[in-house]
Q: 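Once you've had a glance at the structure underneath, I'll fire off some questions.
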Amino acid sequence: MAFSIATWNINSVRLRMPLVERFLLEYAPDVLSLQETKCANDVFPAAAFRKLGYEHIAINGQKGYHGVATVARRPIEIVERRRFCENDDCRHVSVRFDAGGKSLLLHNFYVPAGGDEPDPEINRKFRHKLDFVAEMNAIRAEHDEVSGSVLVGDLNIAPLEHDVWSHKQLLNVVSHTPVETTGFEAMRKAGGWIDLMRHGVPDDQKLYTWWSYRAQDWQASNRGRRLDHVWCSANLVPHFAGYEILREARGWERPSDHVPVIARFDLN
DNA sequence: ATGGTTGCAACGCAA
């Protein structure tokens, strides 16, 4: 049984609902996790998702900032909206659903961006980001014979050298500093998570999911970063059937600065 | 070396 999970930082779900519709109609993932929905739960465009066949919706939103949502064609059970760093930011929602005889736990994360100054002593947003990633150590890739875990989202860190357009030039830029990338990879491994976007892909192959709005021509300069991720528990790796970074979506009208990533699995 | 853009919401802040 084939199924697919997509993740996309949409940068305002209400503003970009036409792009979401286009994406769902063309690619029809079974499950879609969104980040930066930027709206409170009572104004989330649930009716539009239902009309597109995504009748099962788990949201954790707030007015104006952050916010995550997972929508699905199949029934999903909301598991948790976890708080991190003892504040009320809406940055996580987890759901459980059945797929091909297995019960899957799907975490959807929006990790703090961290501001511009990569010094936790003078930049509280960077401190918050480091603390948030440290707290993610509690999120483990739980699995047994009948269950598995997937973690997706905008994690706002590009961990490997070729996850950015220039390793050297970004070493002191928030998202690729050694303190971030080291803590990030340690957290991932401690949790038992597999980085599926690098599974079977050479480490020296460039992978980007985000291109800044500030470039004059994002396509020509191609100064991207891999900020969006798909992880899973080890027992799902044999069922992984490949993935796609939807680069073209960066060129759609009024785009998000992130593009969707679609991961495919085959169970049974 | 610097500044470049976008969204929210209604000013500057977050990204």
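In what follows, chains carry the letters A, B, and so on, assigned in the order in which the sequence lines appear, proteins first and then strands, with residues in each chain numbered from 1. In this text the structure is predicted, and so the values were computed from the model without any measurement.
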Q: Whole-Å distance between B:dC8 P and A:Arg254 CZ?
A: 8 Å

Q: How close or far is atom P of B:dT6 from atom NZ of A:Lys38, stated in whole angstroms?
A: 12 Å

Q: Out of the candidates A:Phe240, A:Phe109, A:Phe184, A:Tyr243, only one should pair with A:Trp231 under the ring-ring contact (aromatic ring centres under 6.0 Å, His included) rule; please name it.
A: A:Phe184

Q: What interatomic distance, in whole Å, is found between C1' of B:dC11 and the corresponding atom of B:dT6?
A: 16 Å

Q: Quick one: A:His128 NE2 to B:dA15 C1', roughly how many Å, whole number?
A: 14 Å

Q: Paired with B:dC11: which nucleotide, if any, by Watson-Crick or G-U wobble criteria at under 3.5 Å for both distances?
A: none

Q: So, A:Tyr54 versus A:Arg73: side-chain donor-acceptor pair below 3.5 Å or not?
A: yes

Q: Can you tell me how far P of B:dA15 sits from CZ of A:Arg225, to the nearest Å?
A: 14 Å

Q: Rounding to the closest angstrom, what is the interatomic distance between B:dT2 and B:dA15 at atom P?
A: 23 Å

Q: Provide the distance between the two P atoms, one in B:dA14 and one in B:dA9, to the nearest whole Å.
A: 14 Å

Q: Is it the case that the side chains of A:Ser94 and A:Arg82 hold a donor-acceptor pair, with the cut-off being a distance below 3.5 Å and no angle test?
A: no

Q: Let me know the distance between NZ of A:Lys63 and P of B:dC8, rounded to the nearest Å.
A: 12 Å

Q: Mark yes or no: A:Arg223 above the aromatic ring of A:Trp165, with NZ or CZ under 6.0 Å from the six-membered ring centre and no more than 45 degrees from the axis.
A: yes

Q: Just checking A:Arg91: base, sugar-phosphate only, or nothing, at a heavy-atom cut-off of under 4.0 Å?
A: sugar-phosphate

Q: Is A:Arg223 touching bases, backbone alone, or none of the nucleic acid, heavy atoms closer than 4.0 Å?
A: nothing

Q: Taking OH from A:Tyr110 and P from B:dA15, how many angstroms apart are they, rounded to a whole number?
A: 5 Å

Q: Could you say whether A:Lys125 or A:Ala215 is positioned toward the 5' end of DNA chain B, judged by the nucleotide with the nearest heavy atom to each?
A: A:Ala215

Q: A:Arg14 side chain N/O closer than 4.0 Å to the phosphate oxygens (OP1, OP2) of B:dG7?
A: no

Q: Both A:Asn11 and A:Gly115 contact DNA chain B. Taking the nearest nucleotide for each, which residue is further toward the 5' end?
A: A:Asn11

Q: From CD of A:Glu117 over to C1' of B:dA15, roughly how many Å is that when rounded to an integer?
A: 16 Å

Q: Which part of the nucleic acid does A:Gln216 contact within heavy-atom distance under 4.0 Å: base, sugar-phosphate only, or nothing?
A: nothing

Q: Report the distance from atom CG of A:Asp116 to atom C1' of B:dG12, rounded to the nearest whole Å.
A: 15 Å

Q: Short question: side chain of A:Asn9, backbone of A:Asp257 - any donor-acceptor pair under 3.5 Å?
A: no

Q: Sticking with atom P, work out how far B:dG3 lies from B:dG7, rounded to a whole angstrom.
A: 22 Å

